[in-house]
Amino acid sequence: MSRYNARTVEPKWQKAWDDAQTFLATRDEQREKYYVLEMFPYPSGRIHIGHVRNYTMGDVIARYKSSCGFSVLHPMGWDAFGMPAENAAMAIGGHPKDWTYGNIAAMREQMKPLGLSIDWTREFATCDPEYYGQQQALFLDMMDKGLVYRKNATVNWDPVDMTVLANEQVIDGKGWRSDAPVERRDLTQWFFKISDWSEELLGALDGLDNWPDKVKLMQANWIGKSRGLQFGFERTDGGAAIEVYTTRPDTLMGASFVGISPDHPLAKELEASNPEAAAFIAECRKGGTTAEALETGEKLGFDTGIKVKHPLNPDWELPVWVANFILMDYGTGAIFACPAHDQRDLDFCRKYDLPVIDTFFATDDATPVENTAFVPLKTEKVKWVNHFAGLDVATGEDAVNTTIDFVEKAGWGKGVTQYRLRDWGLSRQRYWGCPIPVVHCDDCGVVPEKKENLPVELPVDVTFDIPGNPLDRHPTWRDTPCPSCGKAAKRETDTMDTFVDSSWYFARFTSPRADTPTDLDDAAYWMNVDQYIGGIEHAILHLLYSRFFARAMQETGHLPASAKEPFDALFTQGMVTHAIYQTRDENNRPIYHLPEDVDEANATLRATGEAVEVIPSAKMSKSKKNVVDPVDIIDQYGADTARWFVLSDSPPERDVEWTASGAEASWKFLGRVWRLAEDLGDGDDTDQDLERACAIAINEVTLGIETFGFNKSVAKLYEFANAISKSKAGPGAKRKAVKVLAQLMSPMTPHLSEEIWSHLGGEGLIANAPWPVADESLLVQDTITMPIQINGKRRAEIDVSSEASKEEVEKLALAHEAVVRALEGREPKKLIVVPGRIINVVI
RNA sequence: GCGGGCGUGGUGGAAUGGUAGACACACCAGACUUAAAAUCUGUUGGGCGUAUGCCCGUGGGGGUUCGAGUCCCCCCGCCCGCACCA
C-alpha cells in the first residue's frame, strides 16, 4: 500500500492542466459563459491563508461550472498601486516599482502550487502602463462627459513633514512619523460626480437579488436618502438668513440653538473679523478628517453672539453657535438643535447650559427629558405638546410629512430630498498611482492630455528620501508643453486613488490586451461577473465605486448597457483567524509565541513546558505571531489539504479558525479517500444502498456548492466516504461510487481527484468530465419517520407511508401509546400535522 | 458616535418557524502492534434514574406562536465599515 504523495502528484496534474490549456477562457458562442472573480490581491509579497480561502472558493465555483458545461472565465491580477510600496521605498530604499513587481513574482510562485483553475494568460497588474494608460483614456472620456470636476476638499496635513497624510497615517490625531498634531487643510482636488447617480445607485439595489441583504442595506444607508425641510432662520442683525436642513422639522418647537459648521461661510466670515472665533475655528481644524474622529471627539461649541428669529414666533430668539460636529458636506452645513430628541444635541446643551424643550412624549409617560434624549422609532406613536400644525397623537413619520406640508403651504420652507453620498475625491498627492492625465496651462487652464500621448507614464528616476510627492519636485516630468497651445505648462502631479484602479479591472479582464479600455464584443460576451467573491470590508466603497464605474463606462461607450450592474451575484467571505498564544513577562506584558512552538493539546510551550494563555480566534497578525503561512502548509501537506481545510467546518461567510489539528485531520481524510480507491477491484456487481448513497451525495454536494454551503458539501462528502468504506458491496459497485466521490470532490481537491480518476481508468481529465447527475428514482422513500410532539415537546416518533394522507397520520398519531397515555381519555385541544414533518398534539 | 453583522457542547459547526448538536476536531475506551506511530471500531451537551424514561439547555431578559437557535423588543459581548489602508 503506497501512501498518497501530494508532493509529486500535485505538480504532475498542474502540468497536465497547463499542457492541455484546460483553463484558457475562450469565447464560445455555442456555450453559456460563466465569469467567476475573486477580489484581486494587493501584492504585499506573501500570500496569506485568507487568500487561499478566497481563491479556493472561487476555484470551487469555477471548476464546478466548467464541469456543468459553461465556458468559464476565471482570471487573476494585482491591485498593485498604493502606499505600502512607497513606504517600503522609504524604509528600505529601492524603487516602488521593483518592490511591487518583485512581490508579484513571489506571490505568483506561491499561488501556482494551489492548483487554481486560473487563465493566467489574462494576468495584469494595475501598475502596468498598459493598464493605467487605458485608465487614463477612460478618465479623459469621463471628463468629456462631465463626470469629473475640481473643487476644494479637506485633507490631513502634517505641519512638520509638510505633507498630506492618509487617514491611516493619522494616529490619535498625530502624524505617524512626525508625531505632530495633524491639521485639516483645503486643497483643490479632482472629483467624480458619483452623487449625480445617488438615486440610480440606490434604486438599482433592488435588482441585485443575489447580493447579501446586509451589503445592500449598508449601501442604501451609505447613500442615505432622506426627505426633510429646508428653510432660513432670519438674523436679528439683518445679515443673510441661515439656511438649515432638517430631517425632523416636526421638532422645531424644541429648537434650542442654531449650529453651523466651522467650515460654513458665516464661520469663515467670523474667522476673518473676530479673533476669538478664529481661535475656536483653528482649534476645530486640529485632528484628522475622518467622520469617526469628528463624532467621537469632544463636542465643542462657540457662541457667535449672532441671534436668529424662530420662524413661528418672531419674539423667540435663538443663539447661533459654531459646533465642531456639524459637517459642511451634508445638507447646508447648518442645523437647528433639538436637545430633547437627539442625544448629541442634548449633551451639547447640557455642557453649554442651553435650554431643553420637550416637543413630544411617549403616549403613557410624560416625564421631561433630563440627561437621556427621548428618541423613539419614527414609526412609533407619540403624544405631541404644542405642535404648530395641530398634531396630537401621531408617529414621527406622519409628523414630519404633516410639518413639511404645513410649512410649504405657509411658504417659508420647502421639502427637500437629500443624499448623504458625497462626490468621490480621487486626487492623491502621491507618486505610486495612476497619473491624472491633464496639464495646467497659464493660458488654456486645465487641458486634457491628448489620447495619443497616453500613457502618461510615471518617471522612474525618483527618490523617497524626503517626505512629499516626488512628482511635485521632478521638473523634467512635470514641465511639459500644453497639449492645446504648445506653450510651457505643468502636468497635474496628483495621482488617482487606488479605488479607481479596482473599479473597472473586472471589465479589463474580458479583453486584457485591447488597445482601448475594453473590447465591446468581448465585454458583451463575458460581462457581467456571474459570481464575485471577496471580503465584507469592501461592502461599501469598492462595490459602490465599481457600480458607478460600470455606469460611467456605459456612458462613455466602454461597456454595453447590459453591464450596468457589473456583479450579478456577490458573496462576502469571512476571515481566517488563529488562536494567539501568549505568556507574560515580569511586568505582565504579553510575550507572543508562534503556533509551531506551542503544544496545542496541553497549552504549553514545547521548549519549556511553560503554560500559555490561549486567546481563541483572533485576526492573524504578524505582531501577535498567530500567522500560518500557506507555503508551509502546502509544503507539509499539499495544496489539496489546505483547500479542503479552508472549505471545511465554518460556513464561508463566517470567520474560520485555522488549527493545526484541523489541517492534520483534513490531510488524514484525503489519505483515507486515496486508500479507498487504491486497491479497488472491478466487476459488474451493483449495490442498491451504495447507488442510493451516490444519488443523495450528488444532490447534497451540488446543492452545497450552488448555495455557498461548502462546509455542508464537505460534511456530506465525509458521510459519503464513510458510507463507501463501511459498505459490504462488491468491487464493481464500490468502484462506481469512488469515481463519483472523486468527481464530487474535484472542485475542492482537484489533484487527488485527478489521481483517483486516472487510477480508476476514468476517461481524460476529471477537470473535463461532466458533473454527475443523480438518479432521482433512487431518492424516493416508501416510509418516513415523523416525530410526535406533545405540547411542543418531542415524545415519540412513528413511521408512516410517505403517501399517507393527513387524516391517516392523525389517526396513527392519536393511536400511539405515548399520546394515549398523555391524553388520559381526553380529546386533544388541537392537533397539528405538518405533512412529512411533524405532529404536535396540544393537550 | 453612526451604519451593518455575529453569538449553539471541551472546539469548529448543522438545523425551509417543526426531532437542537448532522459532519468534523479533541478526549476516553477497545482492536491491531514487542512498543509507538499510523489505521480500524465504539462512547461522549449537562443533570436525575436499574430502566421504559424525566428535567435542563442555543450570550442575558422579555414577547409572538400549537411549536422559537430561527421572528419581534431591550440589554451584554465580539467583529466589519465610516469616504486618503487595501
Starting from C1' on B:G1, measure out to CG on A:N324 and report it in whole angstrom.
12 Å

Using only modelled atom types and a 3.5 angstrom limit, is any donor from either the side chain of A:E537 or the base of B:C82 paired with an acceptor on the other?
no

Whole angstrom value for the distance that separates P of B:C66 from NZ of A:K829:
11 Å

Where the side chain of A:N156 is defined as all heavy atoms beyond and including C-beta, which of B:A14, B:C84, B:G18 is the nearest nucleotide?
B:C84

Does the distance from a Lys or Arg side-chain N to an Asp or Glu carboxylate O, for A:R428 and A:D497, drop under 4.0 Å?
yes

Chi class for B:G49: syn within 90° of 0, otherwise anti:
anti

For residues A:Y42 and A:S502, is any side-chain donor paired with an opposing acceptor at under 3.5 Å?
no

Take the protein atom NZ of A:K793 and the nucleotide atom P of B:C66, then report the distance between them rounded to whole Å.
17 Å

What is the separation between atom NZ on A:K830 and atom C1' on B:C66, rounded to the nearest whole Å?
5 Å

Inter-nucleotide P distance (B:C28, B:A38), Å rounded
13 Å

Can any side-chain N or O of A:D345 pair as donor or acceptor with the backbone N or O of A:A373 at less than 3.5 Å?
no

A:Y4 has an atom OH; how far is it from atom P of B:A38, in whole Å?
21 Å

For A:R672 and B:C40, is the shortest distance between a side-chain N/O and OP1 or OP2 below 4.0 Å?
yes

May I ask you to check whether over 12 heavy atoms, not counting those of A:K174, lie within 6.0 Å of atom NZ?
no

What's the OH-P distance between A:Y718 and B:G13, to the nearest Å?
15 Å

In terms of ring plane angle, is the pair A:F81 and A:W432 parallel, tilted or perpendicular, where the classes change at 30° and 60°?
perpendicular

With a 4.0 Å cutoff (strictly under), does any side-chain N or O of A:R422 reach OP1 or OP2 of B:A83?
no

I need the CG-C1' distance between A:L744 and B:C23, as an integer number of Å.
16 Å

In whole Å, what separates the C1' atom of B:G62 from that of B:A14?
28 Å

Could you pick out which residue, A:K299 or A:E719, lies toward the 5' side of RNA chain B when each is mapped onto its nearest nucleotide?
A:K299

Distance between the C1' atoms of B:U64 and B:C72, in whole angstroms?
7 Å

With respect to A:I839, which candidate in A:V800, A:I798, A:I790, A:V834 satisfies the side-chain contact (heavy atoms from CB on, under 4.5 Å) definition?
A:I798

Please list all pairs meeting side chain to side chain donor-acceptor pair (under 3.5 Å) that have one or both residues in residues 212-224 of chain A, counting only residues at least two apart or in different chains.
A:Q219-A:R547

Can you tell me how far P in B:C66 sits from the matching atom in B:G13, rounded to whole Å?
34 Å

Quickly work out the A:W222 CH2 to B:C80 P distance and round it to whole Å.
16 Å

Of the listed B:C85, B:A22, B:C80, the closest approach to the A:A715 side chain comes from B:A22

Between A:M786 and A:G662, which has a closest nucleotide on RNA chain B that is more 5'?
A:M786

Among residues 642-653 of chain A, which ones have heavy-atom contacts with RNA chain B below 4.0 Å?
A:D649, A:S650, A:P651

Do A:Y431 and A:N469 make a side-chain contact, defined as non-hydrogen atoms from C-beta onward lying under 4.5 Å apart?
yes

Which whole number of Å gives the distance between the C1' atom of B:A31 and that of B:G12?
29 Å

Expected output check: what is the dot-bracket annotation of RNA chain B, where ( ) and [ ] are pairs inside the strand (brackets for crossing ones), | is paired with another strand, and pairs are Watson-Crick or G-U under 3.5 Å?
(((((((..(((.....[....)))(.((((.......)))).)((((....))))..(((((..]....))))))))))))....

Can you figure out which of B:C40, B:C84, B:C2 approaches the side chain of A:E295 most closely?
B:C2

Regarding B:C6, can its base be found pairing with the side chain of A:R654 as donor and acceptor, where the two atoms are less than 3.5 Å apart?
no

Establish, with yes or no, whether the OP1 or OP2 oxygen of B:C54 is under 4.0 angstrom from a side-chain nitrogen or oxygen of A:R795.
yes

A:S713 (side chain) donor-acceptor with A:V701 (main chain) under 3.5 angstrom
yes

Distance between the C1' atoms of B:G9 and B:G5, in whole angstroms?
24 Å

Heavy atoms under 4.0 Å, any strand shown: does A:N791 hit a base, just sugar-phosphate, or nothing?
nothing

Report yes if a side-chain nitrogen or oxygen of A:N711 is closer than 4.0 Å to either non-bridging phosphate oxygen (OP1 or OP2) of B:G12; otherwise report no.
no

Would the A:F645 and A:Y637 ring centres measure less than 6.0 Å apart?
no

Of the listed nucleotides B:C85, B:C84, B:G3, the one nearest the side chain of A:E168
B:C85

Can you classify the ring geometry of A:H51 versus A:Y55 as parallel (below 30°), tilted (30 to 60°) or perpendicular (above 60°)?
parallel

What about A:Q169, does its side chain sit under 3.5 Å from the base of B:C85 through a donor-acceptor pair?
no

Do side-chain atoms of A:Q343 reach the backbone of A:N371 as a donor and acceptor pair under 3.5 angstrom?
yes

Nearest-angstrom distance, P atom, B:C78 to B:U44
36 Å

Would you please confirm or rule out a distance under 4.0 Å between OP1 or OP2 of B:U19 and any side-chain N or O of A:N840?
no

B:U11 to B:G46 separation - P atoms, rounded to the nearest Å:
12 Å

